[in-house]
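Comments concern the structure below.
Numbers restart at 1 for each chain; the letters A, B, ... are given by sequence-line order, proteins then strands.
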Amino acid sequence: MKYKSQKVAYWFFALSMLLLSLQIIYGFIMAFAHMGYDVLHQITPFNTARAVHTNLLVVWLLSGFMGAAYYIIPEEAEHELVSVKLAYIQLITLAIVGVVAIVGYHFNYWEGRKFLEIPRPLDWLVVVNVLTFLGIILMTLFKGKKRTTTSLVLTMGLVFAALLYLPGMIWFDNQTMDSFFRWWVVHLWVEGVWELIMGGILAFLLIKITGVDREVIEKWLYVIVGLTFISGILGTGHHYYYIGVGKAWLIIGGIFSALEPLAFLGMALFAIAMYRKGEKKHPNKIALSWTLGTAIVSFVGAGFLGLAHTLPGVNMYTHGTLVTAMHGHLAFWGAYGMIVLAFISYSLPNLTGRKYYDTITGLLAFWLSNIGMIGMTVAFGVAGVAQVYLERKVGLEFGEVQKEIQVHFVVLAICATFFTTGIVCYIYEFVKYGTPNDEALETIKN
Amino acid sequence: MLSKSQAKVFFLGGTIVTFAIFLGLSWNSLSNEVPKRTHEENLTPQVIAGKHIWEKNNCMGCHTILGEGAYYAPELTKVYERRGEAYIKAALMSKTPWAPRGRQMVAYALSEQEANDVVAFLKWIGNVDLNGFPPKPDLKK
């Protein structure tokens with residue numbers, strides 16, 4: 001760590017770890033409900049568990065992105081964060097809003113719109129919170145000595161993510177309009193501006209870990225985020241096939257969303273090529289595994305599995321089935337979960353001055369969580385395809401089909417146990433590192 | 001070989017062009033297609049009240065509508081046509097968890113009025129033109 005104010009990143013990562021743990025618990029509640037053991041129905045019915053599970057995901061990822069930005073921006077801009085105090089206030093309010101929302105979901109206090117369940121008054125607090133965050137980042141960049149491409153792409157991603165939150169706060173009487181603009185938030189986040197954030201973080205990690213020339217890495221960063229937007233913006237059309245808008249979206253959405261894997265393929269090839277090209281052998285092997293891992297798994301999960309059901313003829317049958325859950329799990333894990341964990345693995349030794357670069361627990365965390373998540377994806381996939389066939393082709397009742405596919409949720413829970421063990425190892429390492437301290441300043445170069 | 005400034009132009013240019021096309025297509029859909037395809041003239045205060053109840057209780061947390069939501073309970077876009085008013089009202093007004101095939105629904109115990117609102121919403125959404133979704137089961141004997 002080169003700047004004292006970077007330490008604030010650690011606490012955002014700590015919040016991420018806490019929320020990730022909770023997210024997993026709610027995932028298990030749902031897996032058991034799918035198996036037929038809906039034992040917590042009175043306290044946490046499925047719709048509560050579902051809203052908590054997805055919202056915790058969004059908040060822990062955002063907290064991770066924010067932490068990463070608070071670490072990256074001072075180093076790239078060569079300037080301390082303009083206000084550490086405000087950053088801590090922002091962290092605490094983020095945690096409070098998150099906790100109030102999640103507790104509220106247990107008492108029917110929500111908006112009931114998939115992924116955007118946070119009730120309106122809390123939405124405004126989120127807006128204030130994010131504006132504070134962006135204010136700190138932008139002021140630091142403004143006062144800093146340098147404005148690198150990496151920091152600009154990252155910042156652009158964060159600013160657009162904030163702007164795109166707003167269409168989700170408009171009230172519509174018409175469900176079709178509601179859905180139309182909900183995807184401006186959800187799709188343009190995860191298949192658009194979040195990829196800028198991911199790209200920015202990935203570029204920073206590759207510069208630090210591989211030692212390849214910044215100019216080369218940043219050139220390819222532009223190409224990748226260019227591909228992301230060219231395919232991803234019009235790719236929004238794949239959410240518009242069957243919601244009550246015209247047939248033009250079947251063609252536009254079909255073509256452009258089929259191009260979306262290119263951006264992720266680019267990201268994977270880019271990371272591998274830079275790794276090969278790099279002459280520097282950075283000692284932090286765990287961070288390297290996560291960095292290459294996120295590039296590769298995001299291509300498989302977000303790119304390839306997305307392509308599997310994005311064409312209109314296929315999506316007609318898979319839309320609104322467990323096939324979507326299959327794609328969703330590996331996509332979020334590969335693209336966003338893993339990039340946050342990659343960044344945490346990279347930054348912890350620098351923040352704390354302790355070099356646990358190559359531990360067995362760290363390695364176990366990587367492999368168990370990935371093997372577990374891939375197994376879960378397969379379980380969702382098999383259940384999803386069986387559901388599509390029995391329900392949409394053969395025409396069995398929904399409830400009958402669900403009984404037939406219950407067994408796949410047993411497999412899911414077993415794989416989820418592997419995944420959880422991996423995450424427990426990761427958090428064990430996180431705790432072992434201890435808290436950041438000033439002695440770590442400049443003790444480690446890069 | 002591609003230079004960094006060319007890469008930047010590719011990114012900015014591509015983004016601006018595709019975003020402009022996206023805005024144009026969206027504007028066309030929202031102003032010309034949605035009113036007709038969703039029969040906006042039928043969006044009565046009762047339908048809108050039904051949508052409020054639908055959202056207030058996070059029905060999308062288990063069910064899908066327009067194919068969107070969670071995959072724990074049946075898709076409801078065509079439920080009015082499939083089950084009819086009486087069945088839907090019974091499920092919504094039940095004081096004990098509705099569980100036709102073992103899987104429990106939260107017992108919302110809605111009033112007659114509220115249940116009618118939700119039924120009106122579901123009846124309205126069943127008539128939206130969805131480009132053929134949900135598909136007819138073509139292997140059904």
Practice prompt. Between chain A and each of B:Arg82, B:Met60, B:Lys36, count heavy-atom pairs under 4.5 Å; write down the option with the most.
Written response: B:Met60
Discussion item. Quiz question: by atom type and distance under 3.5 Å, do the side chains of A:Trp171 and B:Glu55 form a donor-acceptor pair?
Written reply: no
Fill in: Greatest number of heavy atom pairs closer than 4.5 Å to chain A - which of B:Cys62, B:Gly13, B:Gly14
B:Cys62
Worksheet item: Would you call the rings of A:His239 and A:His187 parallel, tilted or perpendicular if under 30° counts as parallel and over 60° as perpendicular?
Response: perpendicular
Worksheet item: For A:Tyr105 and A:Asn55, does a side-chain donor sit closer than 3.5 Å to a side-chain acceptor?
Response: yes
Worksheet, complete the sentence: Looking only at B:Asp129, B:Leu30, B:Val128, the option with the highest number of non-hydrogen pairs under 4.5 Å against chain A is B:Leu30
Practice prompt. Would you please classify the geometry between the A:His106 ring and the A:Tyr26 ring as parallel, tilted or perpendicular, with 30° and 60° separating the classes?
Written response: perpendicular
Item to complete: Anything under 30° is parallel, anything over 60° is perpendicular, the rest tilted; go ahead and classify B:Tyr87 against B:Trp98.
Response: perpendicular
Show me the donor-acceptor pairs within less than 3.5 Å that the side chains of residues 19-29 of chain B make with the rest of the protein, sequence neighbours left out.
from    : atom 1 : to       : atom 2 : distance (Å)
B:Ser26 : OG     : B:Phe22  : O      : 2.9
B:Asn28 : OD1    : B:Asn32  : ND2    : 2.6
B:Ser29 : OG     : A:Trp249 : NE1    : 2.7
B:Ser29 : OG     : B:Leu25  : O      : 3.4
B:Ser29 : OG     : B:Glu33  : OE1    : 2.9

Fill in: Engaged part of A:Leu227 at the chain B interface, taking heavy atoms whose separation is under 4.5 Å
both
Item to complete: Look at A:Met177, A:Glu400, A:Glu117, A:Gln387 and state which one has the largest set of heavy-atom pairs under 4.5 Å with chain B.
Response: A:Glu400
Worksheet entry | A:Thr310 and A:Tyr241, any side-chain heavy atoms less than 4.5 Å apart | yes
Fill in: Portion of B:Leu2 that has a non-hydrogen atom of chain A nearer than 4.5 angstrom
both
Worksheet item: Is it the backbone or the side chain of B:Val34 that comes under 4.5 Å from a heavy atom of chain A, or both, or neither?
Response: both
Worksheet, complete the sentence: Assert top hit (heavy-atom pairs under 4.5 Å, partner chain A, pool B:His63, B:Lys56, B:Lys136) equals B:Lys56
Response to the item:
Most heavy-atom pairs under 4.5 Å with chain A, out of B:Glu75, B:Lys8, B:Glu40, belong to B:Lys8
Item to complete: Tell me, for B:Thr64 versus chain A, whether the close heavy atoms (under 4.5 Å) come from the side chain, the backbone, both or neither.
Response: side chain
Discussion item. Out of B:Gln6, B:Gln104, B:Met105, return the one with the most heavy atom pairs under 4.5 angstrom to chain A.
Written reply: B:Gln104
